[in-house]
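To start, the structure itself, in structure tokens.
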Amino acid sequence: MDSLKQKFAEKALTLYKELRAIGKEHGDKVMGEVTLSQITGGARGIKMMVWETSQLDAQEGIRFRGYSIPEIKKLLPSGPQGEPLPEGLFWLMLTGEIPTEEEVNALTKDWQSRAEVPQQVYTTLDSLPADTHPMTQFTIGIMAMQSDSIFDRRYAEGMAKTDHWDAVYEDSMNLIARLPRVAAYIYRRAFKGGEHIAPDTSLDWSANFAHMLGSDDEDFRSLMRLYLTIHADHEGGNASAHTVNLVGSTLSDPYRSFAAGMNALAGPLHGLANQEVIKWIFEMIEELGTKTPTKEQIQQYVQETLDARKVIPGYGHAVLREPDPRFTAQRRFAEEYIKDSDLIETVWKIFDVVPPMLEALGKVKNPWPNVDAHSGALLVHYGFSEYSFYTVLFGVSRALGVLAAGIWTRALGMPLERPKSVTSDWIKDQLK
Ligand code: HAX
């Protein structure tokens, strides 16, 4: 058993016993109430699942195992320019411990050894029109690997429930190892005429991904390390994570549950917002006829968007009530690495203009930028302007969090998810 799996197994068994005991003793304790507006308003704030890997605070933003993004940047093993390695975050999410450099290097090597993508995935992708949306290609690519599922095979062979987590661990590690290759293949076939780039196994997970996409620029490698770290997890209630959890709770294998989650990420109110942001900015630049719009011009354009009854992409959040620390982390990166970018200056001007305008509407609960408000401008700076691909990058990163959480969920023996729905007549009856 590899050292990460060994460490996880010890911790998981302890927590499994502890949670069982807590459940037995305190199972009837009331942990919250549900209001009518929660039932009709997208289940905001209803606590209904255990998610070990991270927790979101409305004011502070995400904490991975208790560590904020600035703390992660300081504590996790990093690349040559100091940006954290996502391998380290995955280790932390699974074990609750900050890994050593040796542990992270071993994980990089482990993923390299699992990264071979079966030929049928490429054949399946090649059968799709090249202009199929990259997120559609991504979920099809994931599903084309499903026949390799170890969980699926072992379940059919009669695996004991206590072994479920082990099979989910193996599938999850294989998936994470392969996703950059699948994603890079999609990018190169959609936008670079199918000229594919062989992996460089001397590189870490992020730098190799950058390499296969087509860049060996040291700064871009650093951006990818940061990007793939900060997008990895946002507790369990967001649409993609919750979908993975829901589908996985039926004992559908990690390929199926992760692909389902990626279809949720592909919605414009969720992960697809990263493509919508840059599309909206490009359209603004085109309409205004300038790459350096003034704040007044931006204000006018924002107003037009609102008057057309559309949302301002990249702003607002279902939980956060302050600027997203993932936005701030990307801004810090831009300040450190990038000088003189009109597009990034525009993103910062939008940040000055939009919040007061959304606040003035009187209905938006969070007028601040979320993670998607900044990411596109950074990618465009390094030559990746094909914005329909951006959500795939997000998805590769999100695999780390949702699959780590999925391993925990199976190790804790969580049951089938089955909340309760009600009819409008039931609501009216209750109010009588
Ligand atoms: N622009 C205009 N109106 C907005 C808005 C925005 N950015 N954000 C919220 N509103 C509106 C809502 O549409 C809603 O209007 P109605 O009552 O007329 O339907 C009202 O303000 C109240 O919404 P809320 O309670 O503040 O926000 P929700 O929890 O319902 O929704 C969303 C959260 C993220 C979906 C929302 O803020 C939004 O649509 N933002 C733009 C899209 C976006 O950036 N999504 C990415 C979110 C982060 C993420 O998941 N990344 O992957």
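Whatever order the structure lists them in is the order used to number ligands and atoms, beginning at 1. Starting from 1, each residue takes its place in the sequence as its number.
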Results of salt bridge (charged side-chain N to carboxylate O under 4.0 Å, His left out) for Asp425 - residues two or more places apart only: Lys428
When you check ligand 1 against the protein, what N or O pairs turn up below 3.5 Å? List the atom names and distances, or just say none.
residue	atom	partner	partner atom	Å
ligand 1	1 (N)	Ile312	N	2.9
ligand 1	7 (N)	Ile312	O	2.9
ligand 1	7 (N)	Tyr315	O	2.8
ligand 1	15 (O)	Lys363	NZ	3.4
ligand 1	18 (O)	Lys363	NZ	2.8
ligand 1	25 (O)	Lys365	NZ	2.7
ligand 1	26 (O)	Lys365	N	2.8
ligand 1	29 (O)	Arg44	NE	3.2
ligand 1	29 (O)	Arg44	NH2	3.1
ligand 1	30 (O)	Arg44	NH2	3.2
ligand 1	40 (N)	Tyr315	O	2.8
ligand 1	44 (O)	Gly314	N	2.8
ligand 1	44 (O)	Asn370	ND2	3.0
ligand 1	45 (N)	Leu269	O	2.9
ligand 1	50 (O)	His270	ND1	2.9
ligand 1	51 (N)	Asp372	OD2	2.7
ligand 1	52 (O)	His270	O	3.3
ligand 1	52 (O)	His270	ND1	3.2
ligand 1	52 (O)	Gly271	N	3.3
ligand 1	52 (O)	Asp372	OD2	3.3

Taking the side chain as every heavy atom from C-beta outward, state whether Glu335 and Arg331 have any atom pair closer than 4.5 Å. yes
In terms of heavy-atom contacts, Met93 and Trp408 come closest through O-NE1, 3.5 Å
Parallel, tilted or perpendicular, as decided by the 30° and 60° cut-offs, for the rings of Phe191 and Tyr187: tilted
Please determine, by modelled atom types, if Trp51 and Asn245 share a side-chain donor-acceptor pair under 3.5 angstrom. no
Tell me if the centroids of the rings in His270 and His234 come within less than 6.0 Å of each other. no
